[in-house]
Amino acid sequence: MTGLDLSNNKLTGEIPQELGLLSQIRALKLYHNQRTGPIPMNFSNLAKIESLDLSSNGLTGKVPSELIKLTSLSTFNVSHNNLSGKLPEMKAQVGTFIEASYEGNPLICGLPLEKKCSTDSLVTNSSAEVDNEKWYAIDMTWFYASSGSTCGVFWVLLPFFTSILTGVEDGYTGLKIVCLHVITSFMI
């Protein structure tokens with residue numbers, strides 16, 4: 001097999017490690033999917049690869065420095081992911097990749113990008129990764145307050161809307177009619 005194009009397929013999850021075993025492959029295209037996780041380290045085993053496009057996914061972590069081993073790699077694109085950290089040294093083929101190969105990854109630094117790496121930027125990147133891991137953390141006080149107020153508004157307005165729907169002036173009587181109608185429809 002000379003190439004594998006799985007682009008634009010809405011593939012999710014991490015990139016399978018097994019793809020790193022395709023040592024004879026010349027082109028691997030996984031762009032425009034929903035892949036997450038790191039770039040597999042064993043992609044350095046793709047000895048004959050000439051084109052590797054992992055752009056427009058949700059990949060995280062560093063660009064593996066082991067990719068320096070890929071001496072045939074002439075096209076490399078990891079743009080528009082969530083990669084972070086210092087880029088590999090500009091040696092061998094990696095030295096030929098342009099800034100566009102990495103654009104859309106605000107947390108990466110180093111050549112060929114204009115953004116230089118510093119101790120501060122590496123600390124910032126680490127803390128940003130921790131923040132991303134806790135996207136689900138919410139202030140429970142606000143959660144309960146907003147849930148309670150939503151329920152309160154719902155129960156205050158529900159009789160009003162049921163009186164409009166049923167034509168009965170007393171909203172609570174209208175609510176009883178709607179509830180009975182719903183219950184009987186499930187019994188049938």
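- The side-chain heavy atoms of P16 and R35, taken from C-beta on, include a pair separated by under 4.5 Å.
- Considering only heavy atoms from C-beta on, L67 comes within 4.5 Å of F76 through its side chain.
- Side chains of L73 and F97 form a contact here, defined as non-hydrogen atoms less than 4.5 Å apart.
- No more than 12 heavy atoms of other residues, nucleotides or ligands sit less than 6.0 Å from atom CD of E89.
- Counting only heavy atoms from C-beta outward, the side chains of K29 and L52 never approach each other to under 4.5 Å.
- Summarising the geometry, atom CG belonging to N82 is positioned 10.0 Å from atom OG1 belonging to T36; distances are rounded to the nearest 0.5 Å.
- Between L22 and L4, some side-chain heavy-atom pair lies under the 4.5 Å cut-off.
- Listed for the D53 side chain is a donor-acceptor partner under 3.5 Å among the backbone atoms of S55.
- In the hydrophobic cluster analysis, where Ile, Leu, Val, Met, Phe, Trp and Tyr join through side-chain heavy atoms closer than 4.5 angstrom, I108 is grouped together with F43.
- You'll find the side chain of N77 stays beyond 4.5 Å of the side chain of Y31, heavy atoms only.
- Looking at T60 and N81, their side chains never come closer than 4.5 Å, going by heavy atoms from C-beta outward.
- A side-chain contact (heavy atoms from CB on, under 4.5 Å) with L19 is found for one member of L30, N42, L46, N45 and no other, namely L30.
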